[in-house]
Asker: 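My structure is below; once you've seen it, I'll send some questions.
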Amino acid sequence: MDNNLLSAIETNWYGFVVSIFVFAILFLLARKRIGFGTRVLIGLGIGLIAGIFFQYFDLETKAISTFGSIYVSLIRMLVIPLVFVLVLNSISSLTNLEYLRKIGIKTFAWFLGTTGIASIIGLSVALLFNPGQGIQQDVPADFAAREIPTFSQVILDLVPSNPVNEAATGKVVPLLIFAIFLAVAIIKIGSKKPEAVKPVRDLIESLTLILHQVVKFIIRLTPYGVFALIAGITARYGWETLQELGSVIITSYVAMIIHFVLIFGGLVLLVAKVNPIRFFRKVYPTITVAFTTRSSYATLPVNLEVITKRLHVSPRIASFIAPLGASVNFNACGGIWPAIVAVFTAQVFGIDLNWTDYITLVLVSIISSIGVAGVPGPAVISTTVVLTALGLPLEGIAIVAGVEALIDMGRTAVNATGTAVTALLVANSEGEFDREAFNSNDDDDILLSTV
C-alpha cells in the first residue's frame, strides 16, 4: 500500500501540484463572486493549456484525470435516483392522462424529426468535404464489430423485469418505464381516492426537493471537473492522430455546428419565437458539461437545472423531457455521425453510393435512433446498423475509432442541447414557458445563486 502510494506520488506529483494550484484559483474566483459560467469557461481554458503542455512534454496526466473521473462519478451517482423520482413526480402531478399522451407525442416528434434532419446535414457535409478521399488506414488487428441487437432483444431490454436490478446495473430506460407505470397508477387512484395517494405524493415531492439540493452540491464542482476532464482529453491525443483523420474531425464539427446554428437556432427563433443568441447563452452550462463529460446521463442534472432555472420551462415539462432526452434523443450519435462514417467508409473502400442509398441512410438513422435507446455506446450501434443496411464494411468504424472520443465531445453537446430545445418547444406549445422571465437578464448566472 505504502509502495503504491509513494509510486503514485513520484510519477504524478506534478499533476497533483497543477491540479491543486488550478483548484485554488477557481476557488478564489468563486469567493470573489465571479460568475459560475465564467468560472466554467476559465476551467476549460486552463485545462486546454495544461493538456497541451502535458502532451508536449510527455508528462503523466493520471492524477488530473482521476479528479475528472471523480467528478463524473459523482454526477452519475445522481442519474438513477434523479430519473426515477423526477419522472414519477412530473407525471404523477398531472391531473389527466390525455395531457401525458399529448406532450409525449410532441416530444418524440421533435426528437425523431431533428434526428432525421441531422442525418441529412451529416450526409450533405460529408459529400461536400469527402473525408475519406486519399485516406489509407489499416484496420486494427483486434477489431471486432459490435453485434446489432435483434428487434426482439431491443424490446425485451426496454421492458422492466426487475426494477431493483435494473437500477443497480444502470439501465435507465426500463426504470423510466417503471416510473411511468407507477405515476399513472397514482393518477388513476388519486382521481377516486385522493387521500390514499397523498402520503406517496408528499414523499415524492420531498425526495424531489432533496435531490435538487444534492444536484446543487455537485454542480458547484463543475469548473474543477471541467478543467480536469479537458486537460486529460487534450493530453491524450497528439497531432499525429489529428492529422491522419483531421478531415473526419473537421467534417463532423462542421455538420454539428450547422445543426446547432441553423436547426436549433432556427427552431428557437421561428417556433418558440425567442432570441437564439440569448438561448445559447443560457444553455452553455449544459453545452460545456456535455462536451467535457461525453455523457448525456452525466449532463442530466445540469441540463435539468438549465431548462427550469435559465430557460424557465415548467418543472413538470422539464422533468418529463430531460430524462427521456438523455435516453433516446440522439441527433448527433444517431443522425450526424452514422451518415459521416457511412460516406467516409464508402470513399475509403471505393464503394459508390446512389440516391437510394442516401434515402435508406436517413430512414435507417431515424429508426436506429429509437432502437438503441438504453443501449451502451449508441453511436457505435447506430453506425453499425447504418453500415449494415447499406452493405458497407464495418471496418470503417474501426478506422475512425482513433478520433471518435474527440468527436464524441461535440456529439454529446449536440444531443444534450437538442433535449433543451425540445423542452422549450413543447413547453411553449403548452403555455408552460415563462417568456418574460426568459427575456430577463437577471438569471444569466442563476446556477451560481442556486448553488
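Below, each value reflects all heavy atoms present in this structure, side chains not excepted, and no hydrogens, waters or symmetry copies. Numbers here simply count residues along the sequence, with the first being 1. This one's a predicted model, so the numbers in the text were calculated from it and none came from an experiment.
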Asker: If we only count heavy atoms from C-beta on, is the Ile186 to Ile204 side-chain gap below 4.5 Å?
Answerer: yes
Asker: Side-chain contact, heavy-atom cut-off 4.5 Å: Ile42 with Phe227?
Answerer: no
Asker: Taking the side chain as C-beta and beyond, is there a heavy-atom pair between Asn331 and Arg411 under 4.5 Å?
Answerer: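 No, too far: nothing below the 4.5 Å cut-off.
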Asker: Just checking, is any N or O donor in the side chain of Asn428 or Arg435 under 3.5 Å from an acceptor N or O on the other one?
Answerer: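 There is such a pair between these side chains.
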Asker: When you measure from the side chain of Tyr358 to the backbone N and O of Leu123, does any donor-acceptor pair fall under 3.5 Å?
Answerer: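 Side chain of Tyr358 to backbone of Leu123: no pair is present.
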Asker: For Leu353 and Asp357, work out which heavy atoms get closest and say how close.
Answerer: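 Minimum heavy-atom contact is CA-OD2, 3.5 Å.
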Asker: Is the shortest distance from a Lys or Arg side-chain nitrogen in Arg310 or Glu305 to a carboxylate oxygen in the other one below 4.0 Å?
Answerer: no
Asker: Roughly how far, to the nearest 0.5 Å, is CD1 of Ile397 from CH2 of Trp337?
Answerer: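 One gets 9.5 Å once the value is rounded to the nearest 0.5 Å.
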Asker: Could you measure the distance from the CD1 atom of Ile366 to the OG1 atom of Thr114? Nearest 0.5 Å is fine.
Answerer: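 The distance works out to 9.5 Å.
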Asker: Is it the case that the side chain of Thr417 and the backbone of Val414 share a donor-acceptor pair, with hydrogens and angles ignored and the cut-off at 3.5 Å?
Answerer: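 Looks like no, no N/O pair under 3.5 Å.
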Asker: Please check this pair: side chain of Thr251 against backbone of Val248, looking for a donor-acceptor N/O pair closer than 3.5 Å.
Answerer: no
Asker: Do side-chain atoms of Lys273 reach the backbone of Leu270 as a donor and acceptor pair under 3.5 angstrom?
Answerer: yes
Asker: For Ser65 versus Gly232, what's the shortest heavy-atom pair and its separation?
Answerer: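 Distance-wise, the nearest heavy atoms are OG-CA, 3.8 Å.
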Asker: Measure from the side-chain N and O atoms of Asn162 to the backbone N and O of Asn165, and report whether any donor-acceptor pair falls under 3.5 Å.
Answerer: yes
Asker: Step through the shown structure and confirm whether more than 12 heavy atoms of other residues, nucleotides or ligands are within 6.0 Å of CG on Leu363.
Answerer: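 Enclosed.
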Asker: To the nearest 0.5 Å, what is the distance between CZ (Phe330) and OG1 (Thr412)?
Answerer: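 Nearest 0.5 Å value for the CZ-OG1 distance: 10.0 Å.
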Asker: Report the residues that fulfil salt bridge (Lys or Arg N to Asp or Glu O under 4.0 Å) with Arg101, sequence neighbours left out, ordered by chain and then residue number.
Answerer: Glu98
Asker: So Val18 and Phe54, do their side chains get closer than 4.5 Å, heavy atoms only?
Answerer: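 The answer is yes, as the side chains (C-beta and beyond) meet within the 4.5 Å cut-off.
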Asker: With no hydrogens and no angle check, is any side-chain donor or acceptor of Asn415 less than 3.5 Å from a backbone partner on Ala326?
Answerer: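 No; zero donor-acceptor contacts below 3.5 Å.
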Asker: Using atom types as modelled and distance alone, determine if a side-chain donor or acceptor of Glu166 lies under 3.5 Å from a backbone N or O of Pro160.
Answerer: no
Asker: Can you confirm whether Leu100 sits close enough to Val184 that some side-chain heavy atom of one is under 4.5 Å from a side-chain heavy atom of the other?
Answerer: yes
Asker: Test Phe108 against Leu324 for side chain to side chain contact (heavy atoms under 4.5 Å, CB included), laying out the working first.
Answerer: CA-CA 9 Å; Phe108 273 97; Leu324 197 62; 3.8 Å; yes
Asker: Checking Glu430 against Lys106 for the side chain to side chain contact (heavy atoms under 4.5 Å, CB included) test, could you report, in this order, the C-alpha distance in whole Å, the side-chain angles of both residues, the deciding distance, and whether it holds?
Answerer: CA-CA 10 Å; Glu430 294 296 323; Lys106 289 182 179 180; 2.5 Å; yes
Asker: With a 4.5 Å limit on heavy-atom distance, are the side chains of Ile321 and Phe111 in contact?
Answerer: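 Yes, close enough: below the 4.5 Å cut-off.
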Asker: Do Ser247 side-chain atoms and Pro131 backbone N/O form a donor-acceptor pair below 3.5 Å?
Answerer: yes
Asker: Around atom CD of Glu195, are there more than 12 heavy atoms of other residues, nucleotides or ligands at under 6.0 Å?
Answerer: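 Count over threshold, so yes.
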Asker: At their closest point, which heavy atom of Gly116 faces which heavy atom of Val362, and how far apart are they?
Answerer: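 For Gly116 and Val362, the tightest heavy-atom pair comes out as O-CG1, 4.0 Å.
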Asker: CG/Leu387 to CG/Leu361 distance, rounded to the nearest 0.5 angstrom?
Answerer: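 Here the interatomic distance stands at 8.5 Å.
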Asker: Establish, yes or no, whether a centroid distance under 6.0 Å links the rings of Phe260 and Phe280.
Answerer: yes
Asker: Determine the minimum heavy-atom distance between Leu425 and Leu267, stating which atoms define it.
Answerer: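 Shortest heavy-atom separation between Leu425 and Leu267 comes out as CD2-O, 3.7 Å.
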Asker: With Thr419 as reference, evaluate Asn303, Thr299, Asn329 under the side chain to side chain donor-acceptor pair (under 3.5 Å) test and give the passing residue.
Answerer: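 Going through Asn303, Thr299, Asn329 one by one, the side chain to side chain donor-acceptor pair (under 3.5 Å) with Thr419 is satisfied by Asn329 alone.
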Asker: Stepwise, does the side chain to side chain contact (heavy atoms under 4.5 Å, CB included) test hold for Val22 with Phe67?
Answerer: CA-CA 12 Å; Val22 174; Phe67 287 118; over 6 Å; no
Asker: Are any of the side-chain heavy atoms of Leu203 and Arg201 separated by less than 4.5 Å?
Answerer: no
Asker: Would Arg316 count as a cation-pi partner of Tyr99, with NZ or CZ less than 6.0 Å from the six-membered ring centre and within 45° of the ring normal?
Answerer: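 Satisfied, under 6.0 Å and within 45°.
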Asker: Minimum heavy-atom separation for Ser119 to Ser365, with atom names?
Answerer: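 Looking at all heavy atoms of both residues, the shortest contact is OG-OG, 3.4 Å.
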Asker: Have a look at Glu432 and tell me which of Ile317, Ile103, Val313 forms a side chain to side chain contact (heavy atoms under 4.5 Å, CB included) with it.
Answerer: Ile317
Asker: Can you check whether Ile34's main-chain N or O pairs, donor with acceptor, with Arg39's side chain at less than 3.5 Å?
Answerer: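 At least one qualifying donor-acceptor pair exists.
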Asker: Is the closest side-chain heavy-atom distance between Thr422 and Thr107 below 4.5 Å?
Answerer: yes
Asker: Using the side chain to side chain donor-acceptor pair (under 3.5 Å) criterion, which residues pair with Asn130? Sequence neighbours excluded.
Answerer: Gln347
Asker: Describe, in one word, how the ring planes of Phe438 and Phe433 are oriented to each other, choosing from parallel (under 30°), tilted (30 to 60°) and perpendicular (over 60°).
Answerer: perpendicular
Asker: How many angstroms lie between atom CG of Leu392 and atom CZ of Phe344, to the nearest 0.5 angstrom?
Answerer: 12.0 Å
Asker: Whether the Thr222 and Tyr71 side chains hold a donor-acceptor pair (N or O, under 3.5 Å, no angle test) is what I'd like checked.
Answerer: yes
Asker: From Ile117 CD1 over to Leu262 CG, what is the distance, rounded to the nearest 0.5 angstrom?
Answerer: 11.0 Å
Asker: For the residue pair Ile189 and Ala196, what are the closest heavy atoms and their distance?
Answerer: CG2-CB, 4.4 Å
Asker: Go through Phe217 and Leu74 one step at a time and tell me if the side chain to side chain contact (heavy atoms under 4.5 Å, CB included) criterion holds.
Answerer: CA-CA 10 Å; Phe217 292 150; Leu74 288 174; over 6 Å; no
